[in-house]
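Only one structure is covered here, and it is reproduced in the block below.
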Amino acid sequence: MSDAQPRGFLSETGLLVRAVYRAMRVTFINFVRKPVTVHYPDRPRVYPDRYRGLLALTYHPETKEENCIGCRLCEFICPPAVIKVEMLKGKPRNYAKTFTLELYACEFCELCVQVCPTDAIVMMKSFDMATADRRELLLDKDRLHAIGEQFDASWATGNRLRDAQAPPKKPKPADTAPTPDPVEAGGES
Ligand code: SF4
Ligand code: SF4
């Protein structure tokens with residue numbers, strides 16, 4: 001009985017020392033490891049090409065005209081109904097007379113981008129618009145265009161996304177015509 005007590009005490013002490021050693025080893029490794037934290041906003045992060053950040057309106061790169069034709073497809077598709085567009089009829093094309101987007105209620109689902117026929121609404125590779133005032137996130141047409149000029153756009157545009165989802169194109173009839181059997185072709189001649 002008297003021998004068993006010191007043996008139990010020693011094994012418990014050994015377990016305790018091993019547990020402390022393992023914990024301290026992990027602590028020490030992390031203490032000398034290079035930090036993974038990015039010191040945002042002092043050091044801006046590089047976002048992936050398909051990043052879905054702020055929404056913006058675009059201009060045509062050559063004509064510098066607004067790409068939006070006021071068709072309202074984005075308004076109809078938007079699940080939380082945060083887009084409102086008024087069309088301005090014109091010739092040879094229409095415009096958006098007003099365009100508002102309540103960014104504070106946006107789900108960032110990208111559906112508006114997917115349906116836009118003219119790549120007028122896109123998402124930016126940035127979320128850099130934090131504010132404590134919700135009114136600043138009610139974006140009108142001018143602010144949406146300004147965001148489009150300020151940040152880099154994501155890869156995704158309506159036309160690119162639709163192309164990516166389209167079924168593979170069928171080969172042209174000329175490509176599918178059977179090639180003549182060289183043996184038969186040789187026999188006939
Ligand atoms: S990303 Fe989705 S929720 Fe946000 S405006 Fe576009 S359709 Fe609406
Ligand atoms: S942003 Fe695109 S989908 Fe929305 S109204 Fe303009 S052209 Fe139509």
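Whatever order the structure lists ligands and atoms in, that order sets their numbers, starting from 1. None of the values given here were measured: they were computed from a predicted structure.
- Close contacts of ligand 2 with C68, meaning ligand atoms under 4.0 Å from a residue heavy atom, involve 1 (S), 5 (S), 6 (Fe), 7 (S).
- Ligand 2 lies less than 4.0 angstrom from a heavy atom belonging to G70.
- Using a 4.5 Å heavy-atom threshold, the side chains of W155 and Y51 count as separate.
- Remark: minimum distance from atom 8 (Fe) of ligand 1 to any protein heavy atom is reached at C78 SG, 2.3 Å.
- For ligand 1, the atoms sitting less than 4.0 Å from at least one non-hydrogen atom of F108 are 1 (S), 4 (Fe), numbered in the order shown with element in parentheses.
- The side-chain heavy atoms of S154 and M124, taken from C-beta on, include no pair separated by under 4.5 Å.
- Heavy-atom distances between I77 and ligand 1 stay at or above 4.0 Å for every pair.
- Applying the 4.0 Å criterion to heavy atoms of I83 picks out, from ligand 1, the atoms 5 (S).
- Using a 4.0 Å cut-off to heavy atoms of C74, the atoms of ligand 2 that qualify are 1 (S), 3 (S), 4 (Fe), 5 (S).
- Side chain of T58 to main chain of D119: a donor-acceptor pair is present (N/O by atom type, distance under 3.5 Å, no hydrogens or angles).
- Shown in contact with R72 at under 4.0 Å from a heavy atom are these atoms of ligand 2, numbered in order with element: 5 (S), 8 (Fe).
- In I121, neither the side chain nor the backbone holds a heavy atom less than 4.0 Å from any atom of ligand 1.
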Could you walk me through whether D140 and T98 pass the side chain to side chain contact (heavy atoms under 4.5 Å, CB included) test, one step at a time? CA-CA 7 Å; D140 61 11; T98 60; over 6 Å; no
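- Against a heavy-atom cut-off of under 4.0 Å, C116 is close to the following atoms of ligand 2: 1 (S), 2 (Fe), 3 (S), 7 (S).
- Contacts between V82 and ligand 1 below 4.0 angstrom, taking non-hydrogen atoms only, involve the side chain exclusively.
- Metal site remark for atom 6 (Fe) of ligand 1: C112 contributes an N, O or S atom at a distance under 2.8 Å.
- Using a 30° and 60° split on the angle between ring planes, Y59 and H145 fall in the parallel class, below 30°.
- Counting heavy atoms under 4.0 Å from ligand 2, residue E75 does not touch it at all.
- Under the 3.5 Å distance criterion, with hydrogens and angles disregarded, no donor-acceptor pair is assigned to the side chains of Y95 and N67.
- Of all the atoms in ligand 1, the ones that sit under 4.0 Å from a non-hydrogen atom of P80 are 3 (S).
- T118 counts as a contact of ligand 2, since one of its heavy atoms falls under 4.0 Å from the ligand.
- Nearest heavy-atom pair, Y47 versus K125, reported as atom, atom and distance to 0.1 Å: CD1-O, 3.1 Å.
- Residues E136 and Y104 bring no donor and acceptor atom of their side chains to less than 3.5 Å of each other.
- Taking all atoms of both residues into account, the shortest heavy-atom contact from R72 to V85 is NE-O, 3.4 Å.
- Salt-bridge annotation for R134 and E102: absent, with no side-chain N of the basic residue lying under 4.0 Å from a carboxylate O of the acidic one.
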With side chain to side chain contact (heavy atoms under 4.5 Å, CB included) as the criterion, how do C112 and I83 come out once you've worked through the C-alpha distance, each side chain's angles and the decisive distance to 0.1 Å? CA-CA 9 Å; C112 52; I83 298 178; 3.9 Å; yes
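- Looking only at heavy atoms of the protein, atom 2 (Fe) of ligand 1 is closest to C109 SG, 2.2 Å.
- In this structure, atom 4 (Fe) of ligand 1 lies nearest to the protein heavy atom C106 SG, 2.3 Å.
- Residue, atom and distance of the protein heavy atom nearest to atom 3 (S) of ligand 1 are E107 N, 3.2 Å.
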